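Here the structure is a predicted model, which is why all the values come from computation and not from measurement.
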Amino acid sequence: MTLADAERRAEKISTMDYVTVGEKQKFFRGSASSIADIWRHRELLGLLVRREIKARYKDSSLGIVWSLLRPLVQLAIYYFAVGQILGAARSVPDFAIFIFIGITMWGLFNEILNNSTTSILNNSGLVKKVYLPREIFPFSTVGGALFNFAMQVIVLLAAILVLSTFPLGPNLLLAPLAILSLVAFATAIGLVLSAVNVYFRDVQHLVEIATIILFWASPIVYSFTFVHKALNGNWLEQVYLMNPVTTAVLGMQKALWAEGSTATGALEQYWPPNLELRLVVTFLVSLVLLWLAQRIFARLQGNFAQEL
C-alpha cells in the first residue's frame, strides 16, 4: 500500500460514523436499536443460515436425505419399542402418525436449544475479530433448524396422506400456532443459554441432561390421555400442562392427528380443556420471554470477546 492509499483510507475512516461496541444497554431500553441492528445485518444472517445447512451435509454423498432418514429411524425404533413391545399402539389410534408428530416437533425444539447454546462459542473467531450483532449466531441456528424441520414436515404430511386421513377442519389452524409458539420459546431459552455458556461452559452439558428429562416430560412417545388418567386433572396435571413444549406438541397433534380426534370408546383421545386458548397464551408468553432473553443477552454480550 502506498502512502497516498493510506492517506485516502485514513480520510475515509475519519468520515465514517462511530459504532459503539460492548456498551451495556439499559434493560428496558435498546430493544428497537438491537432489532434495527440485526435487520441491517440480515444478509449476513442469511449467509450464516446457509453455512449452517451446508456444514451439516458437507462431504456427504446423500446430503439432505439424512434429514429425512434420522426421523424415520427414530420413528421405527419408537414405534417398535414403545408401540409394539410396550403395547402403546394398542391403546393409541394411528400410533405411527401420532409418534411421528411428536418426534418432529421435539426435533425442532431440541435442535434449536442445543445448537443455540453453543453458537457463540462455535463462532468465537468472528466474535473476537469483527463487530456484528451477536444475536445473529443463535438466530442462524434457528434458521438451520427450521430448514431441517421443513424437510421432516414434508415426510410427515406424505405419511399422513398415505397411512391416515388428512385433517381439513378448523383444528388445522392450530399447527402454525403450535410451531410459532415452540420456535419462540426455544429461541428465547437458547438465546439466554448461548450467552451464559460463554461464562460457564458447563451449561451446554446441563442442557443435554435437561433435554432428556424434558423429552419424557412431554407427550411425545405416549398419549396425554395416559397422563390424564393417572393424574385425573389435579394440580400436577396443570403443572404438566404449563410446559410450553407440551402445549405445542398437543396443538400439533390435535391439528394433524385425525384419528386421535375422531376415535371413540377405549381409544378416545383426551384433550386438555381450552387447548386453543392455552396455545395462544403460550405464544404470547413466549414472545415476552423472547424479548426478555434479548435484553439479558444484550447485558451479557459486552465481555464476550474477553471471555472467549
Side-chain angles (χ1 to χ4, degrees), residues 13 16-56 108-147 180-211 244 284-308:
I13 292 174
M16 295 174 64
D17 295 332
Y18 287 103
V19 177
T20 303
V21 180
E23 180 184 38
K24 289 187 176 181
Q25 302 177 11
K26 292 183 178 180
F27 190 82
F28 292 102
R29 297 181 182 178
S31 298
S33 61
S34 296
I35 294 172
D37 199 15
I38 295 170
W39 178 253
R40 284 194 295 269
H41 291 82
R42 61 188 180 277
E43 292 184 4
L44 177 58
L45 177 58
L47 289 173
L48 289 174
V49 171
R50 287 194 288 272
R51 188 192 68 174
E52 286 277 335
I53 297 171
K54 289 180 180 178
R56 182 176 300 159
L108 175 62
F109 174 80
N110 187 57
E111 187 172 350
I112 290 176
L113 191 62
N114 282 282
N115 291 351
S116 294
T117 301
T118 58
S119 60
I120 301 297
L121 289 180
N122 292 341
N123 292 279
S124 58
L126 284 174
V127 173
K128 291 187 290 186
K129 294 178 181 178
V130 182
Y131 168 73
L132 67 169
R134 278 69 177 270
E135 292 93 337
I136 68 173
F137 296 117
F139 288 165
S140 68
T141 65
V142 175
L146 285 172
F147 175 83
L180 289 173
S181 299
L182 191 68
V183 170
F185 176 69
T187 304
I189 304 301
L191 195 60
V192 173
L193 293 178
S194 67
V196 176
N197 192 48
V198 173
Y199 299 92
F200 306 101
R201 307 298 168 86
D202 290 336
V203 168
Q204 61 196 68
H205 304 295
L206 291 174
V207 168
E208 294 175 1
I209 297 173
T211 51
L284 295 177
V285 170
S286 297
L287 289 180
V288 174
L289 289 176
L290 185 57
W291 173 76
L292 287 172
Q294 194 282 322
R295 302 319 303 148
I296 294 172
F297 187 96
R299 296 283 291 181
L300 295 176
Q301 70 173 332
N303 293 324
F304 277 3
Q306 294 90 321
E307 294 293 331
L308 294 171

Let's go through Thr211 and Val207 carefully: what are the C-alpha distance in whole Å and the side-chain angles of both, what is the deciding distance for side-chain contact (heavy atoms from CB on, under 4.5 Å) to 0.1 Å, and is it a yes or a no?
CA-CA 6 Å; Thr211 51; Val207 168; 4.2 Å; yes

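If you take CZ on Phe185 and CG on Leu287, they are separated by 12.5 Å, rounding to the nearest 0.5 Å. Between the CG atom of Leu48 and the CD1 atom of Ile136 there is a distance of 5.0 Å, given to the nearest 0.5 Å. For the atom pair CG (Asp202) and CD1 (Ile209), the distance works out to 10.0 Å, reported to the nearest 0.5 Å. Here the straight-line distance linking atom CG of Leu206 with atom CG of Leu193 works out to 9.5 Å at 0.5 Å rounding.
By the 4.5 Å heavy-atom criterion applied to side chains, Asn197 and Ile120 are not counted as neighbours. In this structure, the side chains of Leu126 and Phe137 come closer than 4.5 Å at one or more pairs of heavy atoms.
By the side chain to side chain donor-acceptor pair (under 3.5 Å) test, Asn114 pairs with Asn110, sequence neighbours left out. By the side chain to side chain donor-acceptor pair (under 3.5 Å) test, Thr117 is found to be paired with no residue, residues two or more places apart in sequence or in another chain being considered. For the side chain to side chain donor-acceptor pair (under 3.5 Å) test, residues two or more places apart in sequence or in another chain that qualify with Arg51 are Asn123. Not counting sequence neighbours, the partners of Arg40 by the side chain to side chain donor-acceptor pair (under 3.5 Å) test are Asp37.
A donor-acceptor distance shorter than 3.5 angstrom exists from the side chain of Ser194 to the backbone of Leu191, with no hydrogens or angles considered.
In terms of heavy-atom proximity, Ala184 sits nearest to Ser286 at CB-CB, 3.7 Å. Nearest heavy atom pair, residue His205 against residue Arg201, reads CD2-O, 3.8 Å. The two residues Ala195 and Leu300 make their nearest non-hydrogen contact at CB-CD1, 3.8 Å.
Just one of Ile38, Leu45, Ile35 meets the side-chain contact (heavy atoms from CB on, under 4.5 Å) condition when paired with Pro133; it is Ile38. Of the residues Leu284, Leu290, Leu292, the one that meets the side-chain contact (heavy atoms from CB on, under 4.5 Å) test with Val288 is Leu292.
Applying the side-chain hydrogen bond (donor to acceptor under 3.5 Å, both in side chains) test to every pair with at least one member in residues 135-147, sequence neighbours left out, gives these pairs: Ser116-Thr141, Glu135-Gln294. Residue pairs meeting the salt bridge (Lys or Arg N to Asp or Glu O under 4.0 Å) criterion with at least one member in residues 110-119, sequence neighbours excluded, are Arg56-Glu111.
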